*Asks:* 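Structure in structure tokens, see below.
Below, read A as the first sequence line, B as the second, and so on, with proteins coming before strands; counting in each chain starts at 1. On a predicted model such as this, the values are computed, not experimentally measured, just so you know. Hydrogens, waters and symmetry mates play no part in the numbers below; they use all other heavy atoms, side chains included.
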Protein chains: 2
Amino acid sequence: MGESERGTHAQRIRERLRADILKGRLPMGARLKIVELARQYDSSQMPVREALLQLQGEGLVRISPHKGAEVRAVDERFVRNIYDIREILEVFFARRAASVATPRDVAELEAIEDTYERHLEPRGIAQRIRLNLRFHNSIYRLAGNEDALEIIDKHAVVTRLLTRKHNHSPERARQIAEQHRALIAAIAAHDVEAAGEIAGRHMRDASDALVERMRSEASGG
Amino acid sequence: MGESERGTHAQRIRERLRADILKGRLPMGARLKIVELARQYDSSQMPVREALLQLQGEGLVRISPHKGAEVRAVDERFVRNIYDIREILEVFFARRAASVATPRDVAELEAIEDTYERHLEPRGIAQRIRLNLRFHNSIYRLAGNEDALEIIDKHAVVTRLLTRKHNHSPERARQIAEQHRALIAAIAAHDVEAAGEIAGRHMRDASDALVERMRSEASGG
DNA sequence: TAGTGGTCTAGACCACGAC
DNA sequence: TCGTGGTCTAGACCACTAC
């Protein structure tokens with residue numbers, strides 16, 4: 001049996017619904033009827049409800065009592081909102097990291113980044129995605145606020161699907177590597193302002209790139 | 001029948017559970033068994049599950065698949081985490097508001113604040129709570145990021161119960177009024193830096209006051 | 001005042017942990 | 001292997017909407 005059989009029904013339904021929404025197969029405003037979805041996903045009502053509840057937490061669905069759930073617009077405004085939140089959280093994390101990092105923490109970041117840069121060739125994309133995640137997670141851990149981390153994680157699931165592999169093209173990979181190096185330097189120097197500044201720019205770049213791409217896809221094809 | 005009969009079962013159970021956790025009647029780490037809670041709250045399993053899922057979103061409960069739910073520690077660390085998040089969100093909102101506010105928006109904030117200050121006497125507490133909420137909501141609306149607003153709202157439910165009426169004592173009310181006036185001035189002047197600075201201080205004050213109070217309650221009685 | 005569909009109930013099913 | 005308790009199923013109940 002394939003990967004798609006792992007976990008609870010609710011998890012599988014959540015993932016399929018999320019993908020369907022982000023790919024535009026379920027258009028904005030579409031009514032999500034529980035019994036219908038249960039039939040469709042070959043399950044029953046409770047797992048569907050649970051999945052919808054969690055997707056509401058990710059901002060992809062809106063539920064009103066006794067009225068039901070509908071798909072939220074995954075448009076430029078939504079993307080901007082989410083990236084604005086991620087930006088201020090990333091800045092917060094970077095600043096914290098810069099103020100508390102030990103030489104040992106810095107060495108760990110450098111080790112991850114060294115490995116990242118050994119995979120800049122096109123075929124290294126899977127490695128790059130994993131290492132980029134590890135790099136940022138290391139910084140988050142330094143800040144020690146697991147509630148903020150949860151918010152980032154929730155949004156990351158959505159943005160990861162939205163950006164697919166775009167953010168990890170070889171050209172962008174080199175740009176990311178540069179920004180990571182600059183961030184490490186700022187953290188090592190305990191330069192709080194610079195660390196926040198770099199992390200913020202890093203996010204604004206990602207946001208602009210995604211919005212740009214959404215626009216060209218909307219008009220071009 | 002009283003207020004406690006309104007809404008869905010899930011809503012009522014959520015509210016009772018939240019209150020029980022924040023008041024310490026359900027201690028940190030306590031196992032939350034669905035069937036047991038269903039019996040206790042005179043309902044059945046699905047509403048309880050739904051309530052637990054939503055409380056997980058508020059950070060009060062932790063759920064792991066096939067393992068169950070347990071109460072998260074509502075301690076100093078938790079409070080600091082939540083207030084750190086609120087602080088950066090409030091700063092974001094205030095900066096945005098300062099950069100986009102029209103004279104009409106400023107006039108609305110002033111009108112709300114005028115009314116607030118007409119209720120500084122001890123008995124005006126209910127009004128103050130309501131007007132303080134309206135004041136902040138007006139600023140949030142100016143920033144136009146409903147996803148960020150949702151995060152604030154979620155945390156606000158928790159912090160409102162934690163602070164009870166403490167933050168609205170007459171002395172603190174005057175301090176709040178001062179900070180609000182300063183914030184309005186910064187917004188009117190489109191002084192982004194100052195607005196962010198004031199909003200941030202406003203939150204740090206609230207956070208410090210709450211942590212201080214938790215400590216004295218923990219030792220004193 | 002139906003009809004639609006969200007919400008809830010009772011109980012079966014089955015993953016996990018203890019022995 | 002067994003017990004506990006989380007997860008799921010089938011269908012009843014009832015709030016909302018349109019007529």
Side-chain angles (χ1 to χ4, degrees), chain A residues 1-18 20-21 25-72 150 157, chain B residues 1-18 20-21 25-72 150 157:
Chain A
M1 294 294 165
E3 297 292 308
S4 64
E5 300 267 346
R6 272 170 219 294
T8 64
H9 286 203
Q11 281 168 354
R12 287 203 306 278
I13 294 172
R14 184 188 66 212
E15 263 137 55
R16 291 188 56 179
L17 270 174
R18 181 164 50 221
D20 286 348
I21 292 171
R25 277 196 290 265
L26 287 167
M28 139 189 188
R31 186 71 186 288
L32 296 170
K33 299 181 197 169
I34 292 178
V35 243
E36 199 173 292
L37 292 172
R39 240 201 327 271
Q40 213 170 316
Y41 293 141
D42 204 33
S43 175
S44 72
Q45 308 191 20
M46 202 159 81
V48 173
R49 273 175 80 68
E50 199 169 318
L52 289 175
L53 245 1
Q54 290 174 212
L55 289 174
Q56 185 181 34
E58 293 177 13
L60 292 176
V61 145
R62 182 159 290 163
I63 303 175
S64 18
H66 289 295
K67 297 277 290 291
E70 63 176 43
V71 177
R72 251 196 69 189
E150 228 162 78
V157 178
Chain B
M1 292 294 163
E3 297 290 310
S4 65
E5 299 269 346
R6 273 170 218 294
T8 63
H9 286 204
Q11 282 168 354
R12 288 203 306 280
I13 294 171
R14 184 188 66 212
E15 263 137 54
R16 291 188 57 180
L17 269 175
R18 181 163 51 218
D20 285 349
I21 292 170
R25 277 195 290 267
L26 287 167
M28 144 190 185
R31 187 74 187 287
L32 296 170
K33 300 180 196 170
I34 291 179
V35 240
E36 198 173 294
L37 292 172
R39 240 200 327 272
Q40 212 171 314
Y41 293 141
D42 203 32
S43 176
S44 71
Q45 308 190 20
M46 202 160 80
V48 173
R49 273 176 80 70
E50 197 170 321
L52 289 175
L53 244 1
Q54 291 174 213
L55 289 174
Q56 183 180 36
E58 293 177 14
L60 292 176
V61 145
R62 183 159 292 161
I63 302 176
S64 15
H66 289 295
K67 296 277 292 292
E70 64 177 41
V71 176
R72 251 197 68 191
E150 228 160 77
V157 177

*Asks:* By nearest heavy atom, map B/Glu50 and B/Gln45 onto DNA chain C; which one lands nearer the 5' end?
*Replies:*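 By nearest-heavy-atom nucleotide position, the 5'-most residue is B/Glu50.
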
*Asks:* In Å and rounded to the nearest 0.5 Å, what is the CZ to CZ distance from A/Arg18 to A/Arg16?
*Replies:*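 Rounded to the nearest 0.5 Å, the CZ-CZ separation comes to 13.5 Å.
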
*Asks:* Within less than 4.0 Å of OP1 or OP2 of D/dT4, is there a side-chain N or O belonging to B/His66?
*Replies:*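 Checking B/His66 against D/dT4: no side-chain N or O falls below 4.0 Å of OP1 or OP2.
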
*Asks:* Would you mind classifying the nucleic acid contact of A/Ala10 as base, sugar-phosphate or nothing, using non-hydrogen atoms under 4.0 angstrom?
*Replies:*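 Touches sugar-phosphate only.
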
*Asks:* Please determine whether a side-chain nitrogen or oxygen atom of B/Ser43 lies at a distance below 4.0 Å from atom OP1 or OP2 of C/dC8.
*Replies:* no

*Asks:* Without decimals, in angstroms, what is the distance between B/His9 NE2 and C/dT7 P?
*Replies:*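 Interatomic distance, NE2 of B/His9 to P of C/dT7: 12 Å.
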
*Asks:* Can you work out whether A/Ser44 or A/Pro65 has the more 5'-proximal nearest nucleotide on DNA chain D?
*Replies:* A/Ser44

*Asks:* Roughly how many Å is it from CZ in A/Arg62 to C1' in C/dG6, rounded to a whole number?
*Replies:*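 In whole Å, C/dG6 C1' and A/Arg62 CZ are 19 Å from each other.
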
*Asks:* Whether B/Arg39 contacts C/dT9 is assessed here as follows: a side-chain N or O lying under 4.0 Å from the phosphate OP1 or OP2. Is that the case?
*Replies:* no

*Asks:* Using a 4.5 Å cut-off on heavy atoms from C-beta on, say whether the side chain of A/Leu32 contacts that of A/Leu26.
*Replies:* yes

*Asks:* CD1 of A/Ile13 versus C1' of D/dC8: gap in Å, rounded?
*Replies:* 10 Å

*Asks:* Rounded to whole angstrom units, what separation is found between the CD1 atom of B/Ile63 and the C1' atom of D/dG6?
*Replies:*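 From B/Ile63 CD1 to D/dG6 C1': 11 Å.
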
*Asks:* Any side-chain heavy-atom pair from A/Leu17 and A/Val61 closer than 4.5 angstrom?
*Replies:*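 Not in contact.
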
*Asks:* Check whether any side-chain N or O of A/Arg49 sits under 4.0 Å from OP1 or OP2 of C/dT7, and answer yes or no.
*Replies:*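 Looking at the OP1 and OP2 atoms of C/dT7, one of them is under 4.0 Å from a side-chain N or O of A/Arg49.
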
*Asks:* With nearest nucleotides of DNA chain C determined for A/Gly68 and A/Met46 from heavy-atom distances, which residue corresponds to the more 5′ nucleotide?
*Replies:* A/Gly68

*Asks:* Just how far, in rounded Å, is P of C/dG3 from NZ of A/Lys67?
*Replies:*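 Taking atom P of C/dG3 as the reference, NZ of A/Lys67 is at 22 Å.
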
*Asks:* Kindly indicate whether the side chain of B/Arg49, heavy atoms from C-beta on, has any atom under 4.5 Å from the side chain of A/Arg49.
*Replies:* no

*Asks:* What does A/Glu36 touch in the nucleic acid at a heavy-atom separation under 4.0 angstrom: a base, only the sugar-phosphate, or nothing?
*Replies:*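 Nothing, no heavy atom under 4.0 Å.
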
*Asks:* Measure CG/A/Leu32 against P/C/dG5 and give the value in whole Å, please.
*Replies:* 13 Å

*Asks:* Does a side-chain heavy-atom distance below 4.5 Å link A/Ile63 with A/Leu52?
*Replies:* yes

*Asks:* Round to a whole Å and report the spacing from CD1 of B/Ile34 to P of C/dC13.
*Replies:*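 Checked: the CD1 to P distance equals 19 Å.
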
*Asks:* Whole-Å distance between C/dG5 P and A/Glu70 CD?
*Replies:* 14 Å

